[in-house]
Student: 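Okay, handing you the structure first.
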Amino acid sequence: MPETPPLHLAVALDGAGWHPAAWRAPEARPAALFTAPYWLDLVRDAERGLLDFVTIEDSLGLQSTRSDRPDDRTDQVRGRLDAVLIAARVAPLTTHIGLVPTGVVTHTEPFHLAKAIATLDYVSTGRAGWRVQVSARADNAALFGRRDTLTDLSDEAADYAEVVRRLWDSWDDDAEIRDAATGRFIDRNRLHYIDFAGRWFSVRGPSITPRPPQGQPVIAAPFGLAAGAADVVLVTPVDADHVRALVTEIRAGRTDTVHVFGDLVVFLDETRTDRRARWDELAGEPYSSDALIFAGTAAELVDLLLDWQNAGLSGFRLRPAGLPHDLTAIVEHVVPELQRRGRFRRAYEADTLRGLLGLPRPANRYTAA
């Protein structure tokens, strides 16, 4: 019987947690949300749990209870720090965990994001990734004033990801010579024009940042959004049968290694509690999500994770309902339970995010050509 592959585990960090009333919990730290130590503490806690990576949420507009426009609420967290800059701040102060900030592709330029994530890969010594996101809200478009129509965002995101990948490859790995005696720092013949011309972007290149340590930082994307370019596809199943259907569809036609991670919102308490109901009352409405909402013990969550892993998922991105409460519960209860069942690492086995995920370092397309 084949050996069960190890489970991969990530957490999605967003403000005080994914429930809009989490900032009012006694253990929350609302006064620290816009400080570097707050984010460093969260990432270090996740690293203490040996997690593969953290994602950091971001957007181009203020958070809202509405998906299509702002709301007028003043009783929930509004405002956020830039996700890439948070990751760059905590990178030198962490050692093994992957750092995958969200980068919104709508209204932004792939050249800028490509060098930002490449820089993060250098600062973190090979632990960077990028979570692809789009912005479909008209009020966000008004912040930039460049376009009135928001159509075909998924196709645009796919082109964006392709440009970013080509820019990462626009320097050969050995393009930097650094020979003081001859005065040659780079070999210009080892820098390449990418000459991408598409419906949304026309980018000649090359990048101004040398090829990242991982060659290609890890790309994570929701199913249906640049998923063909993703190393990690994020899905929101409702049960094991749904998992099997999604995994079959994602892996069809792909010959490369691709991970499929299930997203779950988690309320973790080792004793029965009405925390979710109390927070719903504070928020004035029941909390809903695109992902399944789990409330229970660590052992019950592990049962679900392993059931869905057996159905085809290779990992999970857990969304803590409240921070730091649910992140601490993941680290101190979920991870040990997985370890007891022999399904999770007891030490980091690699120094790069691609290494942690078992992804090979890709060859440079231009060098090969």
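Both backbone and side-chain heavy atoms feed into the values below; hydrogens, waters and symmetry mates do not.
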Student: Are any non-hydrogen side-chain atoms of Val335 and Leu51 less than 4.5 angstrom apart?
Tutor: yes
Student: With a 4.0 Å cut-off on N to O distance, would you call Asp71 and Arg73 a salt bridge?
Tutor: no
Student: Check Arg341, His333, Gln339 against Glu337 for a side-chain hydrogen bond (donor to acceptor under 3.5 Å, both in side chains) and give me the one that passes.
Tutor: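 So, applying the side-chain hydrogen bond (donor to acceptor under 3.5 Å, both in side chains) to Glu337 and each of Arg341, His333, Gln339, only Arg341 qualifies.
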Student: Would Phe201 and Tyr160 count as a close aromatic pair, with their ring centres under 6.0 Å?
Tutor: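 Ring centroids of Phe201 and Tyr160 are less than 6.0 Å from each other.
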Student: Identify the heavy atoms of Val54 and Ala46 that sit nearest to each other, and give their distance.
Tutor: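 Result for this residue pair: CG1-CB, 3.6 Å.
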Student: If the threshold is 4.0 Å, N to carboxylate O, is there a salt bridge linking Glu281 and Arg275?
Tutor: no
Student: Mark yes when over 12 heavy atoms from residues, nucleotides or ligands other than Arg244 sit less than 6.0 Å from its CZ; otherwise mark no.
Tutor: yes
Student: Taking side chain as C-beta onward, heavy atoms only, is Ser59 less than 4.5 Å from Arg80?
Tutor: yes
Student: Does any part of the side chain of Pro206, heavy atoms only, come nearer than 4.5 Å to the side chain of His192, both counted from C-beta?
Tutor: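 No, their side chains stay 4.5 Å or more apart.
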Student: Taking Glu47 for its side chain and Ile97 for its backbone only, find out whether a donor-acceptor pair lies under 3.5 Å.
Tutor: yes
Student: Any Lys/Arg nitrogen of Arg319 or Asp290 sitting under 4.0 Å from an Asp/Glu carboxylate oxygen of the other?
Tutor: yes
Student: Taking Asp121 for the side chain and Ala128 for the main chain, is one N or O donor matched with an acceptor at less than 3.5 Å?
Tutor: yes
Student: So do the side chains of Ser64 and Arg69 get within less than 4.5 Å of each other, counting heavy atoms only?
Tutor: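 They are not in side-chain contact.
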Student: Given side chains that start at C-beta, do those of Thr55 and Glu57 come closer than 4.5 Å, heavy atoms only?
Tutor: yes
Student: Could you report the tightest heavy-atom contact between Ala240 and Ala311, atom names first, then the distance?
Tutor: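 Of all heavy-atom pairs spanning Ala240 and Ala311, the closest is O-CB, 3.7 Å.
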Student: When you measure from the side chain of Asp52 to the backbone of His8, do you find a donor-acceptor pair of N or O atoms at a distance under 3.5 Å?
Tutor: no
Student: May I ask you to decide if the ring planes of Phe267 and Tyr287 are parallel, tilted or perpendicular, using 30° and 60° as cut-offs?
Tutor: perpendicular
Student: Hey, are the side chains of Leu318 and Leu301 touching, using non-hydrogen atoms and a 4.5 Å cut-off?
Tutor: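 Side chain of Leu318 against side chain of Leu301, heavy atoms only: contact under 4.5 Å found.
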Student: Between Asp172 and Arg188, does any side-chain N to carboxylate O distance fall below 4.0 Å?
Tutor: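 Answer for the salt bridge query: no.
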Student: Could you tell me whether the side chains of Arg127 and Thr94 share a donor-acceptor contact shorter than 3.5 Å?
Tutor: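 Looking only at side-chain atoms, Thr94 and Arg127 do form a donor-acceptor pair, the distance falling under 3.5 Å.
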Student: With respect to Phe53, which candidate in Phe316, Tyr348, Phe261 satisfies the ring pair (Phe, Tyr, Trp, His ring centres under 6.0 Å) definition?
Tutor: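 Going through the options one by one, the only one that passes is Phe261.
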Student: What class does the angle between the rings of Phe144 and His107 fall in, given that below 30° is parallel, 30 to 60° is tilted and above 60° is perpendicular?
Tutor: parallel
Student: Quick one: does any side-chain atom of Gln214 pair with a main-chain N or O of Arg354 as donor and acceptor, under 3.5 Å?
Tutor: yes
Student: Looking at every heavy atom in both Arg137 and Ser67, which two are closest together, and how far apart are they?
Tutor: CG-O, 3.3 Å
Student: Do side-chain atoms of Asp326 reach the backbone of Leu268 as a donor and acceptor pair under 3.5 angstrom?
Tutor: yes
Student: Indicate whether any N or O donor in one side chain lies under 3.5 Å from an N or O acceptor in the other, for Thr209 and Tyr122.
Tutor: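 Their side chains do not contain a donor-acceptor pair, so the 3.5 Å distance test is not met.
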Student: Got a donor-acceptor contact below 3.5 angstrom from the Asp269 side chain to the Thr271 backbone?
Tutor: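 No: the side chain of Asp269 does not pair with the backbone of Thr271.
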Student: Would you say the side-chain atoms of Trp23 pair up with the backbone N or O of Ala28, donor to acceptor, closer than 3.5 Å?
Tutor: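 Checked: no pair found.
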Student: Please determine if Asp41 and Arg29 form a salt bridge, counting it only when a charged side-chain N lies under 4.0 Å from a carboxylate O.
Tutor: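 The answer is yes: the pair qualifies as a salt bridge.
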Student: Are any side-chain N or O atoms of Thr236 and backbone N or O atoms of Ala291, one a donor and one an acceptor, separated by less than 3.5 Å?
Tutor: no
Student: At their closest point, which heavy atom of Arg199 faces which heavy atom of Thr151, and how far apart are they?
Tutor: NH2-OG1, 4.3 Å
Student: My understanding is that only one of Asp280, Leu282, Val265 makes a side chain to side chain contact (heavy atoms under 4.5 Å, CB included) with His19; could you say which?
Tutor: Asp280
Student: Side chain of Trp18, backbone of Ala12: donor and acceptor closer than 3.5 Å?
Tutor: yes
Student: For atom CG of Asp351, decide whether the heavy atoms of other residues, nucleotides or ligands shown that lie under 6.0 angstrom number more than 12.
Tutor: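 Result for CG/Asp351: open.
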Student: Are any of the side-chain heavy atoms of Arg190 and Arg211 separated by less than 4.5 Å?
Tutor: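 No; the side chains remain at least 4.5 Å from each other.
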Student: Is the closest basic N to carboxylate O distance between Arg24 and Asp75 below 4.0 Å?
Tutor: no
Student: Could you tell me whether the side chain of Pro70 reaches within less than 4.5 Å of the side chain of Leu62, counting heavy atoms only?
Tutor: no
Student: Hey, are Glu109 and Arg146 close enough for a salt bridge, meaning a charged N less than 4.0 Å from a carboxylate O?
Tutor: yes
Student: Would you kindly say whether Gln216 and Asp169 are connected by a side-chain donor-acceptor distance under 3.5 Å?
Tutor: yes
Student: Between the side chain of Ser314 and the main-chain N/O of His259, is any donor-acceptor distance below 3.5 Å?
Tutor: no
